[in-house]
Amino acid sequence: MLDKLKLEIIDKVNDVNNLEELKQVKVETLGKKGAITQLTKTMKDKSEEEKKTFGKQLHELKEYTNIILDQKEKFLLKQKIKADIEAEKIDIFLPGYEFAAGLYHPLTLVTKEIEDFFSSLGYSINEGNEVEEDKYNFEMLNIPKDHPARDMQDTFYFNAEELLRTHTSPVQVRTMENNDDKTTPVRMICPGKVYRRDEDDATHSHQFMQVEGLVVDKNISLADLKGTLELFAKKMFGDNTKVRFRPSYFPFTEPSVEVDLTCHICKGKGCSVCKNTGWIEILGAGQVHPNVIEAAGYDPNIYQGFAFGLGIERVAMLKYGIDDIRHLYNNNLGFLNQFNKVK
Ligand code: DAH
């Protein structure tokens, strides 16, 4: 009788395909109401002799059942782990994530374009200090301590001598001063950030960018300045752009000029951008004042120069038709993505 049960149990365990089914077989054999448990309960009605032999066989069957259930469980577990690993397999041939390439900021684009143009004329590209000394920012540029021109460029002071530079013009002095040989001609531009205590609005910001330009050599005249700026204007705004000089005043140039370009929107006819004048003011410039040349160690009787200072935001706004300077600082991707995809 126990042999028949043993064969039945073996068959059942063999037929099992997963852990759930195996659990079921365990219940049917060794569980509270299982076949082996039921037989154990009949022991009390047996004679002493039967108890001995039947008890031994039953115990052996129980042991045997435990062993084959255990083995089968181990086998099924292994199979399950294998199947899980198969299902999780990483497909190394799947295409990867696409990384978005960065873009140039419009101010960087304009700066690079200006740098390319002036390097093609043989200018060097210099860097100055954003934290500048009063001496370079004002005094050596012919703006002494009590000069009213200081009021136009109020800024952020660290102490009596150090401030955030109000313009890139101090780089003129530093460049000349750095030349050990004061007969070395200078041709340089310097792009960089400048700071002023301005209210921020559509056309003003307390921090903005300028490009300074300086040429120092023998026989440099306003005609050289005009020719250079004419070429520059054509490069930045198109071949039909004209340049107009208006007299102006800067302490570090004499004579000083403000430079207008024909409005590239209406081509000089007059529109809202140029306030119907046909011209747009773009930069300040002039012949370098002899006092500045002398302060930097050059001989003003032999060397002359021209200089100019240009607002980069201004150029970007004109070139791309941007109506509010604050768009350039807000890091709005909808705005920035419109400019020159690098990809
Ligand atoms: N530094 C002047 C400013 O920030 C701009 C300027 C005017 C620069 C005339 C020059 C120059 O080099 O010659 O307003």
Side-chain angles (χ1 to χ4, degrees), residues 114 118 123-130 132-144 147-156 163-177 186-198 203-217 220-229 232-233 243-261 280-296 298 300 303-315 325:
I114 296 172
F118 282 103
Y123 284 58
S124 62
I125 296 162
N126 289 7
E127 258 182 74
N129 308 344
E130 282 178 42
E132 188 51 281
E133 290 172 43
D134 183 283
K135 183 173 114 181
Y136 290 101
N137 196 79
F138 293 126
E139 252 165 84
M140 292 176 84
L141 286 168
N142 206 26
I143 315 175
H147 199 288
R150 286 196 178 209
D151 289 350
M152 298 189 306
Q153 296 190 4
D154 195 10
T155 185
F156 306 91
L163 45 95
L164 287 177
R165 68 177 174 195
T166 58
H167 51 177
T168 43
S169 300
V171 187
Q172 290 185 30
V173 181
R174 285 188 176 276
T175 305
M176 286 188 273
E177 212 182 44
V186 174
R187 239 183 296 166
M188 73 89 187
I189 60 162
C190 165
K193 291 193 204 98
V194 300
Y195 305 81
R196 292 199 194 166
R197 214 196 62 83
D198 269 342
T203 51
H204 294 87
S205 162
H206 62 281
Q207 178 197 307
F208 57 102
M209 291 188 75
Q210 288 189 331
V211 180
E212 194 74 17
L214 174 69
V215 170
V216 175
D217 207 341
I220 297 291
S221 73
L222 267 190
D224 299 308
L225 170 66
K226 196 168 181 193
T228 306
L229 292 180
F232 171 69
V243 174
R244 178 174 82 169
F245 279 28
R246 276 182 294 113
S248 184
Y249 171 76
F250 300 103
F252 34 91
T253 42
E254 180 60 38
S256 302
V257 290
E258 263 169 63
V259 180
D260 302 332
L261 305 182
I280 288 179
E281 184 196 322
I282 177 125
L283 52 80
Q287 283 280 101
V288 183
H289 196 291
N291 287 356
V292 177
I293 299 225
E294 191 166 17
Y298 277 69
Y303 293 94
Q304 303 84 43
F306 69 75
F308 56 89
L310 166 79
I312 296 185
E313 277 84 349
R314 191 96 224 264
V315 176
I325 196 169

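Just follow the structure's listing: the first ligand is 1, and inside any ligand the first atom is 1.
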#### Entry: Member of Ile143, Val216, Leu214, Val173 meeting the side chain to side chain contact (heavy atoms under 4.5 Å, CB included) criterion with Val292
Val173
### Within-cut-off N or O pair, Thr166 and ligand 1, under 3.5 Å
no
### Query
What protein heavy atom is closest to atom 12 (O) of ligand 1, reported as residue, atom name and distance in Å?
Glu212 OE2, 2.6 Å
### Query
Any salt bridge between Asp260 and Arg246, counting N to O under 4.0 Å?
yes
### Summary
When distances are taken from atom 4 (O) of ligand 1, the protein heavy atom at minimum range is Arg196 NH2, 2.7 Å
### Message
For ligand 1, which is the ligand I care about here, please tell me if Thr253 has any N or O atom under 3.5 Å from one of the ligand's N or O atoms.
### Response
no
### Task
Kindly indicate whether a cation-pi arrangement holds for Arg174 with Tyr136, taking the cut-offs as under 6.0 Å to the six-membered ring centre and within 45° of the axis.
yes
#### Entry: Mode of Phe252 contact toward ligand 1 - side chain, backbone, both, neither (heavy atoms, under 4.0 Å)
side chain
### Query
For ligand 1, which atoms, with element, lie under 4.0 Å from some heavy atom of Gln153?
3 (C), 4 (O), 14 (O)
### Query
Should you measure from each heavy atom of Phe250, which atoms of ligand 1 turn up under 4.0 Å away?
7 (C), 9 (C)
### Query
Checking Arg196 side chain against His204 main chain: does a donor-acceptor pair fall under 3.5 Å?
no
### Task
Pull out every atom of ligand 1 sitting under 4.0 Å from any heavy atom of Gly286, numbered as shown with elements.
13 (O)
### Query
Atom OG1 of Thr168 and atom CD of Glu130: how far apart are they, to the nearest 0.5 Å?
11.0 Å
### Atoms in ligand 1 flagged as close to Ser169, the criterion being non-hydrogen separation under 4.0 Å
1 (N), 8 (C)
### Query
Is it the side chain (CB and beyond), the backbone, both or neither of Ala285 that lies under 4.0 Å from ligand 1, heavy atoms counted?
backbone
### Task
With heavy atoms of His167 as the reference, note each atom of ligand 1 found under 4.0 Å away.
1 (N), 2 (C), 4 (O)
### Message
Run the salt bridge (charged side-chain N to carboxylate O under 4.0 Å, His left out) test on Asp134 and Arg165 for me, step by step, so that the C-alpha distance in whole Å, both residues' side-chain angles and the decisive distance to 0.1 Å come before the verdict.
### Response
CA-CA 9 Å; Asp134 183 283; Arg165 68 177 174 195; over 6 Å; no
### Query
Taking it one step at a time, do Ile114 and Phe232 satisfy side-chain contact (heavy atoms from CB on, under 4.5 Å)?
CA-CA 8 Å; Ile114 296 172; Phe232 171 69; 3.9 Å; yes
### Message
At less than 4.0 angstrom from any non-hydrogen atom of Gln210, what atoms of ligand 1 do you find?
### Response
3 (C), 4 (O)
### Query
Considering only heavy atoms of Gln172, which atoms of ligand 1 have at least one such atom less than 4.0 Å away?
12 (O)
### Query
Are the aromatic rings of Phe208 and Tyr195 close, with centres under 6.0 Å apart?
no
### Summary
Correct closest heavy-atom pair for Pro251 and His147 would be CG-CE1, 4.1 Å
## Note on the structure
In this structure, atom 5 (C) of ligand 1 is nearest to the protein heavy atom Gly309 CA, 4.1 Å
### Query
Which of the atoms in ligand 1, numbered in the order shown and given with their element, are less than 4.0 Å from a heavy-atom of Ala307?
12 (O), 13 (O)
### Query
Are the ring centres of Phe118 and Phe308 closer than 6.0 Å?
yes
